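Since we're looking at a predicted model, the values are computed, not measured. To find a chain, count down the sequence lines: A is the first, B the second, and so on, and within it residues start at 1.
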2 protein chains.
Amino acid sequence: MARPRSFDPNDVLDIARQMFWQKGFQATSLDEITAASGVAKPSLYAAFGDKNALFLKVLDRYHDGILGWAERVLAQPGSARDAIRQWLTGFIPYCSGEKGQRGCLSINSAADGSLDRAEIRKSIERYNRRLEELLRARLRADRAQFGRGFDPDVTAHTIMVVHAGLLALAHQSPESRRVKSVIDQVMNLVA
Amino acid sequence: MARPRSFDPNDVLDIARQMFWQKGFQATSLDEITAASGVAKPSLYAAFGDKNALFLKVLDRYHDGILGWAERVLAQPGSARDAIRQWLTGFIPYCSGEKGQRGCLSINSAADGSLDRAEIRKSIERYNRRLEELLRARLRADRAQFGRGFDPDVTAHTIMVVHAGLLALAHQSPESRRVKSVIDQVMNLVA
DNA sequence: GTTGTTCTGTACTTGATAGTAAATAATGGA
DNA sequence: TCCATTATTTACTATCAAGTACAGAACAAC
């Protein structure tokens, strides 16, 4: 009925994610996104709204990707211990070495005081809540396998904290060996 | 011999710290610092150099403050366990509630991709290294009090990760009760 | 083809901000 | 009192980025 889009919005979101992740929200200009994606500004504005709205879409997509993956890993058969260890281990490449340098887009965004707080906060809160729920549900399901004093709720939260800490320190590009040793030690709490 | 300074540089650094901490590097303009401190831009440039240099001085000062406090707390008599627990507990006000919202200036800066990486990184790396050294030294000193499999080096690093995680999640303003429960649980690893 | 609609590209406006030039004020010393 | 020196003040420049106006292109329906 009219001229069709010449680009795939998801492609643009992926490119924008990469740039926001690497350089942060403020330091990434729409001109750069335009240059990298080949999509001119008026098209970006038409498709996504202003810069904040674009960023929010990028962030939501990022969150959905991680949550989807967490759901898959944590739904695996076997013990909760193994599932959670595997889940944490999967982050090692993102917590170490060159790739770790950029950290986690969600944590970076939470730390970026320049962002329009209200909506970003909501997105991040929702993400963290759902992630913690996945962990908590998995731990509760396997409750029988744990010791008497085991508290799945507190443990789920502690794992969230460790997860955030590993990704916060990822900016230093630590060796993956060190990340692994922390995971190993923390897994002692899941027993 | 010449006209004296009309302001105390440390006062300005404290004001700038507060603003950088709250709003981030990019979103804090020199005009705002000028307005808040009453010191005009040319004086800021003369005293501190450009915006990056000013920020670096603020960050170094921030690091020194925390390190000095950590040294005092961790040097206390008594067990390493108690000292470290007390050290972590001291962060609770900064990890929860309203005050937690701004997180940690150091972690925020590491996450801010817009900063001139090289020098900021160096400052943060040095800070983390020294902090971890303090923890490690304290744990090693009390080695005899711990179980056979206890590894002070790994444990010191794990505490660093938990510490970073609590401050990374502080932006959500969690209840202090939750922060405390994580500290309690993690202290089980120091045994 | 023609037409109505939606997308695209160029070029622009507007606002903000890092950094600076130059004149002026304040001090200690000769 | 005057000078040399350093700080301050005001005003400016230059740059860069967000957002937009408008003309033209690409499609579907008829």
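A close approach under 4.0 Å does not occur between any side-chain nitrogen or oxygen of B:Lys41 and OP1 or OP2 of C:dG19. Taking only side-chain nitrogens and oxygens, B:Ser43 comes nearer than 4.0 Å to OP1 or OP2 of D:dT8.
Here C:dT10 presents its P atom at 14 Å from CG of A:Leu44, a figure rounded to the nearest Å. The CG-P distance, from B:Leu30 to D:dC12, rounds to 20 Å in whole Å. Following rounding to the nearest Å, A:Met19 (CE) and D:dA17 (C1') show an atom-to-atom distance of 14 Å. D:dT20 atom P lies 7 Å from atom OH of A:Tyr45, rounded to whole Å. To the nearest angstrom, P of C:dT5 lies 19 Å from CZ of A:Arg5. Atom CG in B:Asp50 sits roughly 5 Å away from atom P in C:dG19 (whole-Å rounding). If you take CZ of A:Phe7 and P of C:dT6, they are 16 Å apart, rounded to a whole angstrom. Taking atom CG on B:Asp31 and atom P on C:dG19, their separation rounds to 12 Å, with Å as the unit.
Here the side chain of A:Asp142 pairs no donor or acceptor atom with the backbone of A:Ser79 at under 3.5 angstrom.
Comparing A:Ser6 and B:Ser29, the nucleotide of DNA chain C nearest to each residue sits closer to the 5' end for A:Ser6. Ranked by how close their nearest DNA chain C nucleotide is to the 5' end, B:Ala2 and B:Thr28 are led by B:Thr28.
If you check the side chains of A:Ser114 and B:Gln26, you find no donor sitting under 3.5 Å from an acceptor. Checking B:Arg102 against B:Asn108 by side-chain atom types alone, no donor-acceptor pair falls below 3.5 Å.
At a cut-off of 3.5 angstrom, the base of D:dC27 holds no donor-acceptor pair with the side chain of A:Arg3.
Among D:dA18, C:dT8, C:dA26, the nucleotide with an atom closest to any side-chain atom of B:Pro4 is C:dA26.
No more than 12 heavy-atom neighbours from other residues, nucleotides or ligands sit within 6.0 angstrom of CD on B:Glu119. Remark: A:Arg117 CZ is packed, more than 12 non-hydrogen atoms of other residues, nucleotides or ligands lying under 6.0 Å away.
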